[in-house]
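We use all heavy atoms of the structure for the numbers below, so side chains are in, but hydrogens, waters and symmetry mates are not. Just so you know, these numbers come straight off a predicted model, no measurement behind them.
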Amino acid sequence: MPDSTISSASPAPRPRRGRIVGRALTCTVFALAGLLFYVSAETARGTDLRTDNSLLKLSDVIQQRSTQNQQLEAQVAEDQARADRLARQQGQSPDDAARLAALQQAAGLDPLHGPGLTVTLDDAPPNATAKIPGVPEPGVNDLVIHQQDIQAVVNALWRGGAEGVQVMDQRLISTSAVRCVGNTLLLQGRVYSPPYVIRAVGKTDALRSAVDADPTIRNYLGYVAAYGLGWKVQENGELSLPGYAGSTDLRAASAQ
């Protein structure tokens, strides 16, 4: 009997230790929960963490930067005009003035006027279907303007002897690059949506011949016929292209 009494009494302390451990775990959980609420409150600082309405979308950032770049270009143009006026006030020889004018014209820094060509490219309607029997139904990429389409037109116009080329409202220079981001055009820090308008001053017959002969453009015209992509070529008796107003400094270059 004494042995059985001792045996039955000896396990008694174990539940007490279990309660102590349980209480400790409970306190730890509450402490961690409190820490989590504190961190969330500090992170949110009065905003709703479950919505992204307060965050700028990438497209908003791109548009914001595009607007800023447009404002900076206007400031650069104003500063350039002021510098030109100061240079004239200091006096230049007629030969120097003529050489400077020729260089500015060749670089695309001065406005340009004359006959030329206007080419317009546009996306197909979003619900476009195949317009030619036997042609497969279009995918998303078949219905939008791509970088190579715009670049092909620009290159063809240069080959046709264009004296100057303008894409949308910007004059192109030797360092200009045509880039597409999704279904938008990124040109010299600014963003554009279709339709894309390209203008060139030069001999209209030579310009049109160069456009008609370009193989990339001929391939594009196949998609125009098949899926309804936009394409328009117009001869102009008089075009006015603005001078380039951005920076002419090279930011990066490499020897080939």
Going by atom type alone, with no hydrogens or angles, which donor-acceptor pairs under 3.5 Å involve a side-chain atom of residues 219-229 and a protein atom two or more places apart or on another chain?
{"unit_1": "Tyr220", "atom_1": "OH", "unit_2": "Gly230", "atom_2": "O", "d": "2.5"}
{"unit_1": "Tyr227", "atom_1": "OH", "unit_2": "Pro136", "atom_2": "O", "d": "2.8"}

Spacing of [X] atom [atom1] and [Y] atom [atom2] [to the nearest 0.5 Å]:
X      : Y      : atom1 : atom2 : value
Leu117 : Asp205 : CG    : CG    : 9.5 Å
Leu121 : His146 : CG    : NE2   : 12.0 Å
Arg171 : Asp110 : CZ    : CG    : 8.0 Å
Gln151 : Ile198 : CD    : CD1   : 9.0 Å
Glu163 : Leu207 : CD    : CG    : 9.0 Å
Thr204 : Gln234 : OG1   : CD    : 12.0 Å

Chi angles and distances behind the side chain to side chain donor-acceptor pair (under 3.5 Å) call for Ser176, Gln188: CA-CA 7 Å; Ser176 300; Gln188 296 168 168; 2.3 Å; yes
Note, [X] side chain near [Y] side chain (heavy atom, < 4.5 Å):
X      : Y      : value
Thr118 : Val233 : no
Trp231 : Ile217 : yes
His113 : Leu239 : no
Leu185 : Tyr196 : yes
Tyr192 : Leu187 : yes
Leu172 : Val154 : yes

Between [X] and [Y] (side chain of the first, backbone of the second, donor and acceptor by atom type, cut-off under 3.5 Å), is there such a pair?
X      : Y      : value
Asn155 : Ala152 : no
Gln166 : Met168 : yes
Asp123 : Ile145 : yes

Asp214: partners by salt bridge (charged side-chain N to carboxylate O under 4.0 Å, His left out), with sequence neighbours left out: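 Listed in chain order: Arg159.
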Single-linkage hydrophobic cluster Ile150~Trp158, side-chain heavy atoms < 4.5 angstrom: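 Hydrophobic grouping puts Ile150 with Trp158.
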Taking every non-hydrogen atom, the tightest pair across [X] and [Y]:
X      : Y      : answer
Leu143 : Pro126 : CD1-O, 4.1 Å
Ala206 : Gly160 : CB-O, 3.4 Å
Leu112 : Gly164 : CD2-N, 3.6 Å

Criterion side chain to side chain donor-acceptor pair (under 3.5 Å) on Gln170 and Tyr244, from CA distance to verdict: CA-CA 7 Å; Gln170 292 199 71; Tyr244 175 74; over 6 Å; no
Any donor-acceptor N or O pair under 3.5 Å, side chains Thr216, Gln148: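 The answer is no; no qualifying pair exists.
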Qualifying salt bridge (Lys or Arg N to Asp or Glu O under 4.0 Å) pairs, either residue in residues 217-245, two or more places apart: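 Every pair satisfying salt bridge (Lys or Arg N to Asp or Glu O under 4.0 Å) with a residue in residues 217-245: Arg208-Glu235.
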